[in-house]
Amino acid sequence: MPIRELERTFDPALVEGRIYKAWKDSGQFHARPTPARKPFTIMIPPPNVTGILHMGHVLDNTIQDVVIRFRRMQGWEALWQPGTDHAGIATQNVVEKKLRDEGTSRKELGREEFVARVWKWREEYGGVIIRQLQRLGASCDWERERFTMDEGLSSAVEEAFLHLYAKGLIYRGHYIVNWCPRCQTAISDEEVEHVDVEGRLHFVTYPFEIGGTEGITVATTRPETILGDVAVAVNPADERYQALIGKSVHVPFIDRPIPIIADDYVEMEFGAGALKVTPAHDINDFELGKRHHLEPIVVIDETGTMNAAAGPFAGQDRFVARKGVVHRLKEMGLLARVENHAMSLGHCHRCNTVIEPLLSRQWFVKMGPLAEPAIRALKSGRLQFAPEHWNKVYLNWMTNIRDWCISRQLWWGHRIPVWYCDQDATPHAGRGAPTACTICGGAAFTQDPDVLDTWFSSWLWPFSTLGWPERTKDLDYFYPTQYLTTGPDIIFFWVARMVMAGIEFMDREPFPVVYLHGIVRDEQGRKMSKSLGNSPDPLDLIDRYGADALRYTMILLTPSGQDVLFSEKKCEVGRNFANKIWNASRLALSHMEGFDPAATDWKTLPLQDVDRWILSRLDETVESVTGSLDTFRYNEAARDLYEFAWGDFCDWYLEFAKQLFYAEPGPERTAAQAVTHEVLATLLHLLHPFQPFITEELWSVLPGGSSDGASLLIRRPWPVSIPERRDDAASAGVAHLKEIITSIRNLRIEMNVSPGKNVDVVLKARPNESGILSRLSGYVRSLAKVGDLVIGPEVARPEVAAAAVVGETEVFLSLTGAIDLTAESARLNREIDKIEKLAQSVEKKLANEDFRAKAPAEVVEAEGERLKLLRDTRARLADNLAIISGGAK
RNA sequence: GGGCGAUUAGCUCAGUUGGUAGAGCACUCGCUUCACAUGCGAGGGGUCACAGGUUCGAGUCCUGUAUCGCCCACCA
């Protein structure tokens with residue numbers, strides 16, 4: 001193809017849309033049960049339906065797309081299952097905000113109408129993130145897109161609930177839960193984010209007599225909960241309080257008499273050694289209260305406001321009340337002192353409101369029985385994390401697991417499939433209301449108003465998306481999946497729970513391997529967030545740098561499991577690399593006229609040393625990239641490709657090949673075309689998972705490539721290693737050649753030879769190297785701009801010359817005109833010093849008897865060889881120095 | 001309180017069985033040479049956090065220390 005048909009600079013905007021359409025139209029993303037092939041299944045971590053693409057998604061989905069394309073090319077029936085998560089709280093919040101802007105509210109609309117509005121919102125905006133993923137190049141099987149509120153997935157949720165209910169693993173009860181006063185719902189322990197804060201520890205005296213100031217002093221960080229106190233507790237072994245145990249004191253403000261009780265739980269050393277007991281608003285106090293049969297008193301309601309039981313503070317916000325309580329205590333002389341106190345405070349994962357521990361009636365899943373087999377799965381090796389230190393994190397959580405609060409006081413979500421008899425409140429679990437109450441025979445029922453935690457649907461994702469509870473063909477074929485990758489932030493929310501669900505409902509772990517990548521941070525190492533404004537918009541980056549560049553940069557930047565410090569400028573690496581590939585292809589294509597890869601007979605092609613060398617390097621690259629992808633070292637694969645494509649193919653091979661490209665047509669020229677074509681074609685295959693758009697585009701214009709649906713690069717086979725291609729002798733020869741060329745270029749600059757001027761060079765080489773160097777002499781001439789070139793074992797040194805030693809070859813740059821002898825001798829002295837230092841360190845090593853005796857023979861031998869070479873090099877350089885010095889007089 | 005990760009060139013980071021320390025960016029010098037200035041060529045720059053230990057040999061293995069970061073945890 002004539003080169004003018006490809007733009008001088010790669011422009012992603014011109015190709016991305018067209019290529020993506022070609023993939024989708026060809027149906028190449030669609031996976032179906034194929035008996036002849038093995039399934040390779042990846043489940044997309046379903047993004048929030050409210051979400052917009054952020055850098056974390058970019059990393060996550062790029063890795064997955066690299067993997068799925070790699071496996072697809074390897075011949076697996078590769079399914080990447082996409083979809084979105086209904087995200088109960090997040091979505092409800094978004095729609096509620098919209099209603100507020102419209103001047104109405106959820107409660108005004110009523111439940112049914114509100115849910116209808118959420119669905120409508122989802123129709124309008126829910127697809128944003130899906131379209132964004134497509135722009136990134138994600139090759140999901142979009143025909144299979146699922147949503148956690150779909151009919152099928154909802155049915156799976158009911159099935160799971162009823163199954164666990166029947167087994168006695170779901171129960172309902174009054175417990176202290178994490179309550180978000182803003183979202184006005186209970187949340188699970190995992191949804192609470194603990195933040196270290198500097199709190200205040202208030203030492204409050206509870207008087208023996210009403211109105212008195214003599215009493216027992218307790219320490220508390222939450223003075224407003226004083227109103228709900230039912231006891232003061234001390235340690236039974238604490239001598240200070242022995243006499244007081246069993247006596248009673250009065251709660252300030254409301255003068256309620258409460259007992260002083262003894263319990264081991266109280267730490268004598270902490271605070272005042274005495275603890276106020278508020279069972280309704282503290283998890284520990286709740287347990288303590290149960291042990292001592294104390295009735296909890298609720299003083300804070302579900303909006304975080306003090307209720308009627310809070311006496312004088314009723315109606316105040318909890319934090320306003322705290323200030324008021326402290327102020328009044330001081331006035332009453334009951335505040336002994338206040339200390340600063342470092343503590344950690346729970347916040348709502350969704351809205352960052354301070355969590356209120358609240359006594360309420362909720363549904364729970366009993367986790368112990370589910371965790372046990374999930375622990376065994378890891379210990380037996382059927383499940384592994386990568387990097388493996390996450391195994392410990394998983395095990396630690398699993399072994400200390402607590403029951404899962406699954407009910408949410410929301411309207412958007414899967415409603416709990418339990419109906420209560422209107423007469424006697426007996427609960428009945430089932431699909432739809434029962435016909436008659438099993439206890440009283442009543443026929444009127446009301447469904448539980450609460451919905452289930454969003455993760456109660458997400459944890460079923462690996463099989464619910466494939467049809468469960470129906471035993472579909474897809475489910476049989478594609479479950480279990482082969483691989484999961486996600487961020488460590490959802491290891492408990494999602495990963496661990498999927499393992500438990502997979503084992504419980506499918507009798508099989510959902511995946512054998514979980515790869516956890518790092519978190520994308522900004523350059524200062526801060527987490528990217530909306531409020532900090534430090535998160536670039538990935539779509540904007542795609543517009544400016546291209547999806548290929550963004551993908552490649554993210555992969556290159558992400559070593560296994562480490563966090564990534566991202567900045568926009570780093571996208572330039574990926575962009576420049578894409579452009580390099582583009583231009584190398586332009587060069588190659590401009591010399592392909594008349595070349596037909598199908599007609600290539602490799603057996604008769606007159607391959608040269610440089611051809612054998614680049615084919616060797618290509619084969620090494622195929623092997624290393626495949627190996628790295630197999631072992632989740634994506635950044636290493638990307639780096640190896642970068643080095644091969646840029647450092648070997650572009651910098652050297654294409655420069656070598658130009659010699660023949662511009663030569664007369666003939667077998668040698670055809671060989672150069674064939675090798676260039678082969679290397680480029682293979683390179684495009686290897687790069688395709690990382691840079692799908694540009695590689696697909698170039699493949700479509702490469703001879704033998706095609707853009708028709710059948711031979712899209714996305715469906716081409718992954719290159720395999722061809723060991724016969726390796727040629728160590730040619731590789732060593734070319735390595736030597738490159739060093740010599742570099743050395744001549746260096747001498748030219750050191751000697752101030754102008755870039756445009758030819759120089760004459762003499763290479764004095766060992767007999768065994770003269771042959772290959774002579775064969776390669778044309779490359780020395782063109783790449784180092786050499787005029788006369790003499791090569792041989794017995795060649796004469798030019799009279800006026802700058803010299804260098806490369807391996808066992810002496811390089812002489814003939815300088816006919818003026819030579820700066822001072823500069824040259826200074827340079828030689830520097831070189832000699834460098835060699836001398838190296839030689840001395842090797843000598844010292846070899847002089848060590850222990851080294852000679854204990855190190856492996858081949859290491860000792862290699863060091864010996866090295867010393868010989870160093871000494872030889874030094875001697876030759878010294879000779880030249882002597883000649884220079886002689887000539888200088 | 002427990003666990004984990006990090007500490008290598010000015011910056012961001014690679015470095016998988018221990019055997020002569022690497023890349024990109026930045027920097028210096030020189031080049032618009034017929035694929036590419038998103039480029040080409042040649043360079044400078046590192047007691048691999050610190051202290052011990054194992055070893056003929058340690059960035060790499062072991063122990064400890066320091067600093068930073070993350071996760072888990074019911075001392076109010």
Side-chain angles (χ1 to χ4, degrees), chain A residues 3 6 8-10 176 194 201-202 218-222 233 265-267 269-272 274-278 282-288 341 343-344 357 387 389-390 392-393 396-397 400 488-489 491-492 518-519 521 523 525 527 545 549 556-559 561-567 569-570 572-591 627-628 631 633 635-636 639 642-643 647 650-651 654-655 658 662 742 745-750 752 754-756 783-785 838 841-842 845 848-856 858-860 862-863 866:
Chain A
I3 194 164
L6 294 183
R8 196 179 161 86
T9 300
F10 172 54
I176 296 268
H194 292 274
L201 194 56
H202 304 81
V218 303
T220 180
T221 55
R222 300 203 56 197
Y265 167 73
V266 183
E267 299 264 341
E269 289 74 31
F270 188 89
L275 171 72
K276 68 188 219 42
V277 182
T278 324
D282 184 282
I283 177 76
N284 298 306
D285 293 9
F286 179 74
E287 297 297 330
L288 198 58
H341 176 61
M343 52 189 264
S344 106
H389 67 256
W390 292 106
K392 248 179 132 165
V393 175
N396 185 48
W397 186 77
N400 297 300
D489 45 336
I491 186 168
F492 306 135
I519 298 192
R521 303 176 175 281
E523 273 194 304
K527 213 164 168 170
Y545 295 94
L556 199 60
L557 245 45
T558 310
Q562 294 297 319
D563 286 357
V564 198
L565 301 194
F566 183 84
S567 69
K569 187 157 173 26
K570 289 177 174 170
E572 288 177 9
V573 180
R575 182 198 60 184
N576 295 355
F577 183 57
N579 190 53
K580 189 72 181 177
I581 297 297
W582 183 258
N583 273 292
S585 303
R586 287 175 70 220
L587 173 67
L589 287 166
S590 71
H591 296 288
S628 295
T631 49
R633 296 188 300 234
N635 67 316
E636 291 183 31
R639 189 200 52 206
Y642 188 97
E643 283 174 5
C650 293
D651 286 351
L654 287 177
E655 296 301 324
K658 276 181 188 172
Y662 291 109
T742 300
R745 286 168 172 169
N746 180 303
L747 287 177
R748 292 179 60 113
I749 288 178
E750 295 271 2
N752 282 320
S754 77
L783 269 63
K785 208 147 175 59
L838 274 173
S841 81
V842 179
K845 204 171 185 180
N848 184 336
E849 276 310 314
D850 282 334
F851 174 72
R852 303 190 74 96
K854 292 179 184 172
E858 60 268 25
V859 173
V860 177
E863 290 294 314
R866 199 172 149 226

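Just so you know, these numbers come straight off a predicted model, no measurement behind them. Residue numbering restarts at 1 for every chain, and letters A, B, ... go by the order of the sequence lines.
Closest approach to the A:Asn635 side chain among B:C74, B:A14, B:C72 is made by B:A14 (side chain taken as heavy atoms from C-beta onward). Considering only the side chain of A:Leu587, B:A35 comes nearest among B:C4, B:A35, B:U16.
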TODO: Could you provide the dot-bracket string of RNA chain B, using ( ) for intrastrand pairs, [ ] for crossing pairs and | for bases paired to another strand, with Watson-Crick or G-U pairs below 3.5 Å?
DONE: (((((((..((((.....[..)))).(((((.......))))).....(((((..]....))))))))))))....
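The base of B:C36 sits within donor-acceptor range of the side chain of A:Lys580, with an N or O pair under 3.5 Å.
Residue A:Asn583 has no polar side-chain atom (N or O) positioned under 4.0 Å from OP1 or OP2 of B:G39. For A:Lys785, no side-chain nitrogen or oxygen approaches OP1 or OP2 of B:G41 to under 4.0 Å. Close to B:A35, at under 4.0 Å from its OP1 or OP2, lies a side-chain N or O of A:Tyr662. Within the 4.0 Å cut-off from OP1 or OP2 of B:A35, not a single side-chain nitrogen or oxygen of A:Ser585 is found. Residue A:Lys392 places at least one side-chain N or O closer than 4.0 Å to OP1 or OP2 of B:C4.
Taking the C1' atoms as reference points, B:C50 lies 16 Å from B:A58, given to the whole Å.
With sequence neighbours excluded, the residues forming a side-chain contact (heavy atoms from CB on, under 4.5 Å) with A:Ser567 are A:Glu523, A:Lys569, A:Lys570, listed by chain and number. Considering only residues two or more places apart in sequence or on other chains, A:Arg222 meets the salt bridge (charged side-chain N to carboxylate O under 4.0 Å, His left out) condition with A:Glu224, A:Glu356. A:Glu267 meets the salt bridge (charged side-chain N to carboxylate O under 4.0 Å, His left out) test with no other residue; sequence neighbours excluded.
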Could you write out each protein N or O paired with an N or O of nucleotides 67-71 of chain B at a distance under 3.5 Å?
none

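Within a 6.0 Å sphere centred on CZ of A:Arg745, heavy atoms belonging to other residues, nucleotides or ligands number more than 12.
In this structure, CZ of A:Arg745 is placed 16 Å from P of B:U33, rounded to the nearest angstrom. One interatomic measurement links the two molecules: CG of A:Asn579 to P of B:C36, which rounds to 10 Å at whole-angstrom precision.
Using a 4.0 Å heavy-atom criterion, one finds that A:Lys658 contacts the bases of the nucleic acid, with or without backbone contacts as well.
Here the closest non-hydrogen pair linking A:Phe851 and A:Lys845 is CD2-O, 3.4 Å.
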Open item on the list: Within the 4.0 Å limit for protein heavy atoms, which parts of nucleotides 21-27 of chain B are touched? Write it as a string from 5' to 3', B for base, S for sugar-phosphate only, - for none.
Closed with: ---SS--
